[in-house]
Amino acid sequence: MFGILKKKLKKAVEAVSKRFERKERIAKSVGKEVEERIEEVAEKPEKVEEVIEKIPEVKPVAEEIKEKIKEAVEEAERKPEEKKSIIKRAVERVVKRVVERRLTAADIEPVLNELVTDLIEADVALETAERIKEDLEKSLVGREIKRGKERELVIDALKQSLLSVLCVPQIELLSLEKKPAVLVFFGFNGSGKTTSIAKCAKWLIENGKSCVFAAADTFRAASIEQLGEHAKRLGVKLIKHKYGADPAAVVYDAVEHAKAKGIDYVLADTAGRVHTNKDLIDEMKKIVRVNKPDLRILVIDSLTGNDAVMQARMFDEIGVDAVIFTKVDVNEKGGAILSVTHELKKPILFLGIGQRYEDLERFDAEKFVEKLLQV
Ligand code: GDP
């Protein structure tokens, strides 16, 4: 599960940690010598080339050092008695960037850019990947850390960023106020909607609740029978009309049935495809208008990849209260989970982790991130 995403995150942790370590190494090994050499240059600025030659670590900023010395010498013409300290300050400012322990934006920019590309390869949408990059920049640039704590710090920064993307208030499914609570499931054909409805029913029953199904996909051949099969196996009543009937009316009848029988939850299956996407959205809007569901649940196949965000946007026209991601058990990339949550700012109710009824896992952002960052 999420092997690719895990690998990409691990790679970033290693790369940023290495930058830290390199900075520390340089700071430690040349820090003292640099201090002495700056003194030497401040005394005899004409010797700058010679001095730079002795410390390879400052070579990348050699031109800048020479430039600053030139400026400092000119400035010192007006205050000759301060010449040494003027030169010293100017050189120190440049050299500090190279020998300081703290990470600069320039130090980690290449690593973070690579992380963005890697995340996109793991199905994370560009905006979400950029957001993670910005979070890391904010928490890592300017940080000075103790030796040996580099990885811990980078993992923590990544963890905070992923959590801030994923942490939206969770819905307490078992304590919804209304009875019956009406749950309408949306999603394209094949997303795992019908299976997820059956899994949810099983979960609710195990938690002491009663359910009724509404077969409101009156478009796709065999959809009513498919839900009917689950209903039979789970001992749940199925409310159905004929194919081509008004789906809003099916849900309405299921709600009436639940009211009459004191049933806790109505779980409505809906069409995953009609003639056009616009027709589909209009049909869903009507179901919502007529039945005012307590939860509009979008079911997304996590294997959809980057298209998942487009789907989320499309269904958000109806309004989405929560998401279920299916087929997580066979998904190596996992980025869609981050992107869709970042886009919708709505909680993930469950993850579908297999084809059996019990293969449904309540989503816990902390646990999820913990697993992703386990090395
Ligand atoms: P619907 O068209 O959206 O109602 O989709 P279905 O519920 O019929 O599911 C489509 C296929 O995905 C079926 O073969 C399901 O067994 C399979 N499926 C659904 N959820 C999961 C899941 O979490 N993991 C795996 N591996 N397969 C799933």
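As the structure lists them, so they are numbered: ligands from 1, and atoms in each ligand from 1. Treat the numbers as computed from the prediction; the structure is a model and nothing was measured.
Counting only N and O atoms by type, the side chains of D307 and T304 include no donor and acceptor under 3.5 Å apart. Using modelled atom types and a 3.5 Å distance limit, the side chains of H241 and D246 yield no donor-acceptor pair. If you check the side chains of D217 and T270, you find no donor sitting under 3.5 Å from an acceptor. A donor-acceptor pair shorter than 3.5 Å cannot be found between the side chains of S161 and R131.
The protein non-hydrogen atom at the shortest distance from atom 5 (O) of ligand 1 is G192 N, 3.1 Å. Counting protein heavy atoms only, atom 11 (C) of ligand 1 is closest to K327 NZ, 4.2 Å. Given atom 4 (O) of ligand 1, the protein heavy atom at minimum distance is T194 OG1, 2.5 Å. For atom 2 (O) of ligand 1, the nearest protein heavy atom (residue, atom name, distance) is G190 N, 2.6 Å. If you check which protein heavy atom lies closest to atom 16 (O) of ligand 1, you get Q355 OE1, 2.7 Å. Shortest contact from atom 22 (C) of ligand 1 to any protein heavy atom: G354 O, 3.1 Å. Nearest protein heavy-atom contact of atom 7 (O) of ligand 1 is T195 OG1, 2.5 Å. In this structure, the protein non-hydrogen atom closest to atom 24 (N) of ligand 1 is D329 OD1, 2.8 Å.
Between F350 and F363, a ring centre-to-centre spacing not shorter than 6.0 Å is recorded.
With respect to Y357, the side chain to side chain donor-acceptor pair (under 3.5 Å) criterion is satisfied by exactly one of K202, H230, E206: H230.
For ligand 1, the atoms closer than 4.0 angstrom to any heavy atom of F188 are 3 (O). Close contacts of ligand 1 with I353, meaning ligand atoms under 4.0 Å from a residue heavy atom, involve 23 (O). The distance from ligand 1 to the heavy atoms of N189 drops below 4.0 Å at these ligand atoms: 2 (O). Near G352, meaning under 4.0 Å from one of its heavy atoms, ligand 1 places the atoms 23 (O).
Taking CG of D364 as the reference point, atom NZ of K371 lies at 9.5 Å (rounded to 0.5 Å). Between the CG atom of L295 and the CG atom of L183 there is a distance of 5.5 Å, given to the nearest 0.5 Å.
At least one N/O-N/O distance between K193 and ligand 1 falls below 3.5 Å. Close N/O approach between Q226 and ligand 1 is found [any backbone or side-chain N/O within under 3.5 Å]. Between S191 and ligand 1, at least one pair of N/O atoms sits closer than 3.5 Å.
Between F188 and F315, the ring planes lie perpendicular to each other; the angle is over 60°, past the 30° to 60° tilted range.
Proximity of K199 to ligand 1, defined as any heavy-atom pair under 4.0 Å, is confined to the side chain (atoms from C-beta onward).
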inquiry  = Would R37 and E40 count as a salt bridge (charged side-chain N to carboxylate O under 4.0 Å, His left out) here? Give the steps.
reply    = CA-CA 5 Å; R37 299 287 179 202; E40 206 179 318; 3.0 Å; yes

